There are 2 protein chains.
Amino acid sequence: MIDDASARERVVRAADELFYTRGVQAVGMDAVRTAAGVSLKRIYSLFASKDELIVAVLRHRTEIWDAGLASASERATTARERILAIFDFLDAWFREPDFRGCAFINTHGELGASSSAVADAVREQKASFQAYVARLVDELPAPPELAPQLAILAEGAQTTAAIAGTPDAARQARAAAETLLDAAAR
Amino acid sequence: MIDDASARERVVRAADELFYTRGVQAVGMDAVRTAAGVSLKRIYSLFASKDELIVAVLRHRTEIWDAGLASASERATTARERILAIFDFLDAWFREPDFRGCAFINTHGELGASSSAVADAVREQKASFQAYVARLVDELPAPPELAPQLAILAEGAQTTAAIAGTPDAARQARAAAETLLDAAAR
DNA sequence: TATCGTAGAGAACGATCGTTCTCCGCGCAA
DNA sequence: TTGCGCGGAGAACGATCGTTCTCTACGATA
């Protein structure tokens with residue numbers, strides 16, 4: 001048998017992939033158990049309910065997102081470059097063959113109305129991203145109003161790319177961000 | 001008994017409100033029948049399946065959205081004003097107490113992976129909105145690249161407002177749109 | 001070796017879903 | 001008035017869901 005931490009991670013990773021690919025409600029706990037190789041009894045000893053598993057999956061996605069963002073901004077030296085790196089990160093993500101939009105937006109649309117725990121987890125992640133952008137804008141000579149504008153561009157690019165099925169929105173949002181940055185620096 | 005057209009409209013309107021408030025999959029056909037006051041047998045004689053009803057609801061939403069947009073731009077005299085009127089329209093919408101995000105984005109997140117008919121209907125509506133923005137931009141002395149940037153702002157404002165639960169994103173997106181318009185006119 | 005606790009596999013359970021079917025009552029034609 | 005067809009109400013059906021329970025096998029301990 002494997003320890004609780006490993007079992008937990010296997011369940012979360014398997015559920016994450018299934019939920020993202022097919023949608024949360026379309027995936028039964030039986031499918032999670034098969035994909036994770038962890039018995040239903042064990043899953044329910046690690047998570048009180050499917051709702052709790054969903055929240056754990058969202059937290060796992062948050063870590064992946066934060067790590068991807070940090071890695072994308074590594075090569076950048078200025079705050080402006082780190083801001084634009086967000087859109088390059090989106091561009092690479094949109095080009096992945098299994099890209100299906102932002103998991104947080106999708107899950108919020110699916111369960112935000114019926115599960116406040118899910119809605120809270122999604123809101124937390126978005127607030128954390130907005131705070132990240134705000135910190136970068138703070139390093140610029142730019143008014144703080146710029147930060148939510150850039151965050152809105154990133155959000156819009158994600159839904160637009162997901163629905164259109166093309167990665168164009170990343171490049172378009174990046175160009176808009178450059179214009180906003182230039183105007184703020186003026 | 002009422003005629004087919006009236007029954008159809010009653011079913012679509014009832015389903016629209018229920019789907020938007022609770023999410024599509026959370027609403028059973030029994031709830032639609034009760035809210036619409038139309039028997040299940042009748043509903044299934046008007047729509048072959050729930051999937052078909054969902055698509056009809058999305059088309060109904062498209063008409064409402066188009067009418068709202070047209071009405072919001074009535075007072076505007078220039079293309080620039082009509083573009084900014086989009087964000088005023090969003091602002092008023094976000095302030096409605098039962099605002100729960102864009103129904104197209106929500107439904108796409110919920111069913112886009114499992115129903116291609118739903119995904120197509122959503123994609124159509126978004127493409128139609130982008131074409132509307134592109135027509136307005138065409139009237140300006142501005143490069144056509146501005147249009148998708150403005151559309152991305154509108155999309156981002158909708159998801160941001162839905163998740164955050166506040167209408168702030170409309171004002172922020174409008175300010176960004178003004179900056180982009182100014183930069184394009186330069 | 002004998003016994004006990006535990007974990008895995010999956011059957012079982014109750015609820016709910018989309019969809020179909022049955023039954024009943026009403027309106028209309030002859 | 002009598003028979004008929006059609007529509008409404010909702011029961012029924014089969015599938016599937018989240019969750020729990022049963023049964024079996026195995027490993028550690030005395």
Side-chain angles (χ1 to χ4, degrees), chain A residues 1-58 106-107 110-118 121, chain B residues 1-58 106-107 110-118 121:
Chain A
M1 199 199 63
I2 57 181
D3 61 301
D4 277 6
S6 304
R8 212 186 138 88
E9 188 175 331
R10 284 169 65 170
V11 171
V12 168
R13 290 169 100 99
D16 180 41
E17 187 173 328
L18 288 170
F19 290 170
Y20 182 67
T21 307
R22 304 191 211 160
V24 175
Q25 300 191 86
V27 173
M29 293 299 279
D30 253 23
V32 174
R33 151 237 175 104
T34 302
V38 175
S39 74
L40 275 178
K41 195 170 163 184
R42 192 81 190 279
I43 293 178
Y44 276 96
S45 83
L46 295 166
F47 305 94
S49 65
K50 187 181 184 181
D51 227 57
E52 207 167 273
L53 171 60
I54 297 167
V55 171
V57 166
L58 290 176
N106 292 345
T107 307
E110 196 171 347
L111 298 168
S114 55
S115 164
S116 59
V118 167
Chain B
M1 200 198 64
I2 56 181
D3 61 302
D4 277 6
S6 306
R8 213 185 138 88
E9 188 174 331
R10 283 169 64 170
V11 171
V12 168
R13 289 171 100 96
D16 179 41
E17 185 173 330
L18 288 170
F19 290 170
Y20 182 66
T21 307
R22 306 190 211 161
V24 175
Q25 302 192 86
V27 173
M29 294 298 278
D30 254 22
V32 174
R33 149 238 176 104
T34 302
V38 175
S39 74
L40 276 178
K41 195 171 167 182
R42 194 83 189 279
I43 294 178
Y44 275 96
S45 82
L46 295 165
F47 306 94
S49 63
K50 187 182 183 180
D51 227 57
E52 210 166 88
L53 171 59
I54 297 166
V55 171
V57 166
L58 290 177
N106 292 345
T107 308
E110 196 171 346
L111 298 169
S114 55
S115 164
S116 60
V118 167

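This structure is a prediction, so every number in the text was calculated from the model and none was measured. Numbered from 1 within each chain, the chains take letters A, B, ... in sequence-line order.
Pairs passing the salt bridge (Lys or Arg N to Asp or Glu O under 4.0 Å) check and including a residue from residues 24-41 of chain B, sequence neighbours excluded, do not occur.
Of the possible polar contacts, none joining the B:E110 side chain to the B:G23 backbone as a donor-acceptor pair under 3.5 Å is found.
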When the side chains of residues 46-58 of chain A are checked against the rest of the protein, which donor-acceptor pairs come out under 3.5 Å, sequence neighbours left out?
| unit_1 | atom_1 | unit_2 | atom_2 | d |
| --- | --- | --- | --- | --- |
| A:S49 | OG | A:D51 | N | 3.4 |
| A:S49 | OG | A:E52 | N | 3.3 |
| A:K50 | NZ | A:V24 | O | 3.2 |
| A:K50 | NZ | A:V27 | O | 2.8 |
| A:D51 | OD2 | A:S115 | OG | 2.8 |
| A:E52 | OE2 | A:A48 | N | 3.1 |

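The side-chain heavy atoms of B:V38 and B:R8, taken from C-beta on, include no pair separated by under 4.5 Å.
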In sequence, state the C-alpha distance, the side-chain angles, and the governing distance for B:R13 and B:E17, and then conclude on salt bridge (charged side-chain N to carboxylate O under 4.0 Å, His left out). CA-CA 6 Å; B:R13 289 171 100 96; B:E17 185 173 330; over 6 Å; no
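A close approach under 4.0 Å does not occur between any side-chain nitrogen or oxygen of B:R33 and OP1 or OP2 of D:dA9. A close approach under 4.0 Å does occur between a side-chain nitrogen or oxygen of A:R42 and OP1 or OP2 of C:dG8.
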Extract from the structure each pairing of a protein N or O with an N or O of nucleotides 16-23 of chain D at less than 3.5 Å, listing the distance.
| unit_1 | atom_1 | unit_2 | atom_2 | d |
| --- | --- | --- | --- | --- |
| D:dG18 | OP1 | A:V27 | O | 3.4 |
| D:dG18 | OP1 | A:K50 | NZ | 2.2 |
| D:dG18 | OP2 | A:M29 | N | 2.8 |
| D:dT19 | OP2 | A:Y44 | OH | 2.5 |
| D:dT19 | OP2 | A:K50 | N | 2.8 |
| D:dT19 | O5' | A:Y44 | OH | 3.4 |

